[in-house]
Amino acid sequence: MKIAVLAGDGIGPEVTHEAIGILRAVADLGGYDFRFQQLLIGGIAITETGSPLPRATLDACLESDAVLLGAVGDNKFNSLSPDKRPEAGLLQIRQALGGYANLRPSVAYKSLSINSPLRAEVTEGADILFVRELLGGLYFGQPRQWDRETGEAWNTMRYTRDEVVRVARVAFDLAAKRRKKVTSVDKANVLEVSQLWRAAVTEVGAEYPGVTLEHQLVDSMAMHIMNTPRNFDVVLTENLFGDILSDEAAVITGSLGMLPSATIGGAVNLYEPVHGSAPDIAGTGKANPLGAILTAAMLLRHSAKLEQDAAAIEASVIKVLDAGYRTADLARGNQPGQQTVTTREMARLVHNALNESIDRSQSMHAV
Ligand code: NAD
């Protein structure tokens, strides 16, 4: 498997290095052939080539089997116009790869329950996978304009049936492998676009008799996610609603450094932790590598189709957290048995836990 690695800026290279380490470990243990190609994006790419997304990076990404991205953003470019800043490279690569389904898990880790502003009994057991439509809706619909003369501005929320059907299939396929429930979020009591959305999703749902489909209005969904997050498995939403709800649901996990994401369905799938380049902690060893490591697990699941290895990484992360190890962002005062570790140490702990779990499963096979 050819994996293009776009480490980027700030903590991007630090956490990506650890994610690659875990992927190499999986490859060694499982006998897989993963080839990594390091490419420039963001501020570092501007410094070295003048462009936030050099042609060579784009071409190599399009020829790879998956793209693993760190983060982009560097304060020294803040004075540039938006189209020249490091973040422009990110938007360009997302667009060029053309993924239409953005997957964002929101998981409550038992040992991190104190990190969430929600009470532990509310979050316990929550494991939501957001499937957000990424190429349509209000963010892309035409016409759009701010007419400064008339003092009027407008955007267009627009979807075609086919755009809804393709992302709905992603959600149902994923739900079929999970707890077999899709919650589709819309605003069908007010918006025609949502009525089309609901009809198309219902149509796709009929192809999956083993998966339960429920519809929720976005306003009440915002409340249900906070009140009863356990009730949800796969949450399917359009672009704007998904943007808002997936950020809201991130409080279930409790730290930005823990959140992975994947964007699938396009020419090449793109995997990136949710966090940014965190210039405030870059180079200090304080970056939490778990978001990037869990992103690597998503790459194994969705591109390499190595479900067992993906699950083994996720289980190893839980094991290390349960043992009390915390990067600085996760550490909370007065917690017994807690030990603060660096980026490197956290990754090594996950690596060790992974080795142990794979050793154990291999010896079980031998028996
Ligand atoms: P950020 O995500 O970089 O940081 C927000 C806060 O969370 C900071 O205090 C940071 O230290 C902390 N944090 C983030 N990731 C962490 C991790 N893995 N471990 C520990 N702590 C972590 O967001 P920001 O500060 O708003 O933006 C910084 C730069 O990153 C900006 O240039 C922004 O444009 C860019 N950005 C990039 C992406 C991306 O590449 N996908 C996403 C968001 C922001």
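Residue numbers start at 1 and run along the sequence shown. Both ligands and their constituent atoms are indexed starting at 1 by order of listing. Just so we're clear, the structure is a prediction, and the values are computed from it rather than from any experiment.
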When clusters are formed by joining ILVMFWY residues with side-chain heavy atoms under 4.5 Å apart, either directly or through shared neighbours, do Phe36 and Leu69 land in the same one? no

Selection from Ile281, Asp329, Leu90 by shortest heavy-atom distance to atom 41 (N) of ligand 1: Leu90

Against heavy atoms of Gly257, which atoms of ligand 1 measure under 4.0 Å? 17 (C), 18 (N)

Nearest option to atom 35 (C) of ligand 1, as decided by whichever heavy atom of Leu6, Val72, Asp9 sits closest: Val72

Scan the protein's non-hydrogen atoms and note whether one is under 4.0 Å from atom 11 (O) of ligand 1. yes

Counting each atom of ligand 1 from 1 as listed, which ones have a heavy atom of Ile11 under 4.0 Å away? 15 (N), 16 (C), 17 (C), 18 (N)

Using a strict 4.0 Å cut-off to heavy atoms of Ala71, name the atoms of ligand 1 that fall inside it. 40 (O)

Determine whether any protein heavy atom is located less than 4.0 Å from atom 25 (O) of ligand 1. no

So which atom in Arg198 and which in Leu217 form the shortest heavy-atom distance, rounded to 0.1 Å? NH2-CD2, 3.7 Å

Quick one: which ligand 1 atoms are inside 4.0 Å of a heavy atom on Gly73? 32 (O)

For Gly291, is the nearest heavy atom under 4.0 Å from an atom of ligand 1? no

Show me which atoms of ligand 1 lie under 4.0 Å from any heavy atom of Pro279. 28 (C)

Does some side-chain heavy atom of Glu272 sit less than 4.5 Å from a side-chain heavy atom of Leu90? yes

Pro289 and ligand 1 - part of the residue with a heavy-atom distance under 4.0 Å: neither

Are Asp219 and Lys187 close enough for a salt bridge, meaning some N to O gap below 4.0 Å? yes

Below 4.5 Å, heavy atoms only, C-beta onward: do Leu138 and Asn239 meet side chain to side chain? no

For ligand 1, which part of His275 has a heavy atom less than 4.0 Å away: the side chain, the backbone, both, or neither? both

Scan the protein's non-hydrogen atoms and note whether one is under 4.0 Å from atom 18 (N) of ligand 1. yes

Ignoring hydrogens and angles, tell me if any N or O in the side chain of Ser116 forms a donor-acceptor pair with the backbone of Val251 under 3.5 Å. yes

Residues Glu214 and Lys181 bridged, charged N to O under 4.0 Å: yes

Would you mind checking which non-hydrogen protein atom is closest to atom 13 (N) of ligand 1, with the distance to 0.1 Å? Ala278 CB, 4.0 Å

Which pair of non-hydrogen atoms, one from Arg326 and one from Leu321, has the smallest distance, and what is that distance? NH1-O, 2.8 Å

Shortest protein heavy-atom distance from atom 29 (C) of ligand 1, along with the residue and atom involved: Ser277 OG, 3.2 Å

Per-atom contacts, ligand 1 versus Glu272 - under 4.0 Å to a heavy atom: 41 (N)

Measure Thr327 to ligand 1 on non-hydrogen atoms and call it side chain, backbone, both or neither using the 4.0 Å cut-off. neither

Is the shortest distance from a Lys or Arg side-chain nitrogen in Asp243 or Arg132 to a carboxylate oxygen in the other one below 4.0 Å? yes

Options Gly276, Pro86, Ser255, Ala287, ranked by nearest heavy atom to atom 36 (N) of ligand 1, top entry: Gly276

Which side-chain N or O atoms in residues 37-46 pair as donor and acceptor under 3.5 Å with protein atoms at least two apart or in another chain?
none

Shortest heavy-atom approach to atom 33 (C) of ligand 1 - which of Arg94, Lys286, Glu87: Glu87

Please report the shortest heavy-atom distance between Phe172 and Val211, naming the atom on each side. CD2-CG1, 3.7 Å

Each residue besides Leu259 in its hydrophobic cluster should be listed here, by chain and number; the cluster joins Ile, Leu, Val, Met, Phe, Trp and Tyr at side-chain heavy-atom distances under 4.5 Å. Leu256, Val274

